[in-house]
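Heads up: the structure comes next, in C-alpha cells.
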Amino acid sequence: MIRQQNLTLNNKVYEVTPSLLNSWLYLYHCYEGQEIKAKEDFLNALNRIKTPTTDAQQAGIDFENKCYAGIVDSENETIIKIIKDGTYQMSAKKLIKVGNLNILLYGRFDCVKGDTIYDIKKSLGSYYTSGKYFYTAQQSIYLELLPQARRMIYLFNDKNGETHEEQYNRQDVIPAQNLVKNFIDDLKLQNLYDLFLEKWEVKDYEL
C-alpha cells in the first residue's frame, strides 16, 4: 500500500499503450526497405494522429467479432473451441513507476480464460513464421496488467485459414517496466521525449 502511494506523489501521469510500443519496436525490427514507412507510422502514433482503418485491419476486426459471437466457419472453428467460455474484450489499467514518471499502462484482452490471455490475429496475405510476435509489446504489457495470468498465447489465423499458436510464459517475457524504460530512453536519444510528454499526458487522471 505504501508503494502505491509513493507512485502517485508526482501529479502528472503519462499513458503508454501496446500499440504505441509496437510502432516503436517496429522501427528496429521492420522488413528491409520499410524503414521510412516504419518511422512515419511511429511518428503518427507518437503524435496520436488517427489513420483510416485498412482493409486488412477491418478483416481482422470482423474475424475477431465472428469468434466472439461463436459464428463457426472453416477458418475460425479451432479458435472458437479454444476461447469458448472465456471472458472477451476485458480491459485493464495499471499505474507503474518508470524513472521519475508515473506511467499508466492500458490494454484490452481479446480473451482471458483461466490463467491464459489469448490474442487473436488474422492475416489475409501471410503465412505463420516461428517467433512472429517476439518483438511485440503485448505480452509484456498484458501480463503486467493481469497478475493472475501465467502466459499469453497468440492465435494466428493465416492466409489459408489455418490457426497457429505462439506462447509466451511470464518468466520468459521482458518486464513491462524495463520495456517502457527502454522506450523512454530511446525517445530521449531521438529528441522525441518532450513530444511524448506533451501528447501522452493523462490530464483527467484522478490520483
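To the nearest 0.5 Å, the span separating NZ on Lys199 from CG on Asp194 amounts to 13.0 Å. If you take CG on Asn178 and CZ on Phe183, they are separated by 15.0 Å, rounding to the nearest 0.5 Å. Taken from OG1 in Thr78 to CD1 in Ile83, the straight-line distance is 11.5 Å, to the nearest 0.5 Å. Lys122 contributes atom NZ, which lies 8.5 Å from atom CD1 of Ile79 (distance to the nearest 0.5 angstrom). Between Glu35 atom CD and Glu40 atom CD the span is 13.5 Å, to the nearest 0.5 Å. Atom CG of residue Asn191 and atom CG of residue Leu195 lie 11.0 Å apart, to the nearest 0.5 angstrom.
A 4.5 Å side-chain heavy-atom check between Leu104 and Val16 finds every atom pair outside the cut-off. The shortest side-chain heavy-atom distance between Tyr14 and Phe196 falls under the 4.5 Å cut-off. Side-chain atoms of His164 and Asp158, non-hydrogen and from C-beta on, do get closer than 4.5 Å to each other. Looking only at side-chain heavy atoms (C-beta outward), Leu192 and Leu43 come within less than 4.5 Å of each other.
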Step by step, work out the salt bridge (Lys or Arg N to Asp or Glu O under 4.0 Å) result for Lys37 and Asp41. CA-CA 6 Å; Lys37 179 67 163 54; Asp41 289 345; 2.8 Å; yes
List the steps and the verdict of side chain to side chain contact (heavy atoms under 4.5 Å, CB included) for Thr116 and Met152. CA-CA 6 Å; Thr116 303; Met152 176 169 168; over 6 Å; no
Evaluate Leu143 against Ser140 for side chain to side chain contact (heavy atoms under 4.5 Å, CB included), listing each step before the verdict. CA-CA 6 Å; Leu143 289 170; Ser140 293; over 6 Å; no
Determine whether Lys113 and Asp85 satisfy the following criterion, salt bridge (Lys or Arg N to Asp or Glu O under 4.0 Å), listing intermediate values before the conclusion. CA-CA 7 Å; Lys113 186 175 178 180; Asp85 298 325; 5.6 Å; no
Any chance you could lay out the side chain to side chain contact (heavy atoms under 4.5 Å, CB included) test for Ile82 and Tyr118, step after step, and finish with the verdict? CA-CA 9 Å; Ile82 292 172; Tyr118 291 100; 3.5 Å; yes
Before you tell me yes or no, could you show the steps for Lys121 and Asp119 under salt bridge (Lys or Arg N to Asp or Glu O under 4.0 Å), namely the whole-Å CA-CA distance, both residues' side-chain angles and the distance that decides it to 0.1 Å? CA-CA 7 Å; Lys121 304 290 188 184; Asp119 195 78; 3.1 Å; yes
Stepwise side chain to side chain contact (heavy atoms under 4.5 Å, CB included) check, Leu95 with Ile103: CA-CA 6 Å; Leu95 192 68; Ile103 297 293; 6.0 Å; no
Check the pair Asn22 / Tyr135 against side chain to side chain donor-acceptor pair (under 3.5 Å), numbers first and verdict last. CA-CA 8 Å; Asn22 283 342; Tyr135 293 111; over 6 Å; no
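Under a 3.5 Å cut-off, the side chain of Asn160 and the backbone N or O of Glu162 do not form any donor-acceptor pair. A distance-only check finds no donor-acceptor pair linking the side chain of Tyr193 to the backbone of Asp185 [under 3.5 Å]. In this structure, Asp110 contributes its side chain and Ile120 its backbone to a donor-acceptor pair below 3.5 Å. Side chain of Ser126 to backbone of Ser123: no donor-acceptor contact under 3.5 angstrom is found. A donor-acceptor pair under 3.5 Å is formed between the side chain of Asn157 and the backbone N or O of Glu75. Looking only at distances, a side-chain donor or acceptor of Arg108 sits under 3.5 Å from a matching main-chain atom of Gln89. Remark: side-chain polar atoms of Arg151 are not paired, donor with acceptor, to backbone N or O of Ile117 under 3.5 angstrom. Side chain of Glu166 to main chain of Lys132: a donor-acceptor pair is present (N/O by atom type, distance under 3.5 Å, no hydrogens or angles). Proximity of a side-chain donor or acceptor of Trp200 to a complementary backbone N or O of Leu46 within less than 3.5 Å is detected. A donor-acceptor contact shorter than 3.5 Å links the side chain of Thr54 to the backbone of Gln57.
The two atoms that bring Asn76 and Cys67 nearest to each other are CB-SG, 3.7 Å, heavy atoms only. Minimum interatomic distance between Ile71 and Ile80 (heavy atoms only, all atoms of both residues): O-CD1, 3.6 Å. Here the shortest heavy-atom pairing between Val112 and Met90 reads CG2-CE, 3.7 Å. Between Cys111 and Gly86, the shortest heavy-atom contact is SG-CA, 3.9 Å. Nearest heavy-atom pair across Lys159 and Leu124 is CB-O, 3.6 Å. Closest of all the heavy-atom pairs between Tyr106 and Ile141 is O-CG2, 4.1 Å.
Tyr133 and Gln138 share no donor-acceptor pair across their side chains, judged by distance under 3.5 Å alone. Side-chain atoms of Tyr154 and Thr136 form a donor-acceptor pair, as typed in the model, at a separation below 3.5 Å. With hydrogens and angles left out, the side-chain atoms of Tyr142 and Glu144 include no donor and acceptor closer than 3.5 Å. Between Asn169 and Gln167, the side chains place a donor N or O and an acceptor N or O closer than 3.5 Å (distance only, hydrogens not considered).
Trp24 and Leu197 fall within the same hydrophobic cluster, defined by Ile, Leu, Val, Met, Phe, Trp and Tyr side-chain heavy atoms under 4.5 Å apart, directly or through other members. In this structure, Tyr28 is a member of the same hydrophobic cluster as Phe42, with clusters built from ILVMFWY side-chain heavy atoms closer than 4.5 Å. Grouping the Ile, Leu, Val, Met, Phe, Trp and Tyr side chains by contacts below 4.5 angstrom, directly or via other members, places Ile153 apart from Leu145. Under the 4.5 Å side-chain contact rule for hydrophobic residues, Val180 and Leu101 share a cluster. Grouping the Ile, Leu, Val, Met, Phe, Trp and Tyr side chains by contacts below 4.5 angstrom, directly or via other members, places Ile174 with Leu20.
Around NZ of Lys188, the count of heavy atoms belonging to other residues, nucleotides or ligands within 6.0 Å exceeds 12. By the neighbour-count criterion of 12 heavy atoms within 6.0 Å, atom OH of Tyr31 is sparsely surrounded, having that number or fewer from other residues, nucleotides or ligands. Heavy-atom contacts from other residues, nucleotides or ligands closer than 6.0 Å to NZ of Lys181 number 12 or fewer. Within 6.0 Å of CG in Asp55 there are 12 or fewer heavy atoms belonging to other residues, nucleotides or ligands. In Ile36, the CD1 atom is not crowded: 12 or fewer heavy atoms of neighbouring residues, nucleotides or ligands sit closer than 6.0 Å.
Note on ring orientation: taking the six-membered ring where Trp is involved, the planes of Tyr168 and Phe134 are tilted (angle from 30° to 60°). By the 30° and 60° cut-offs, the orientation of the rings of Tyr128 relative to Phe156 is tilted.
With respect to Arg48 and Glu15, a salt bridge is recorded, a charged nitrogen being found less than 4.0 Å from a carboxylate O.
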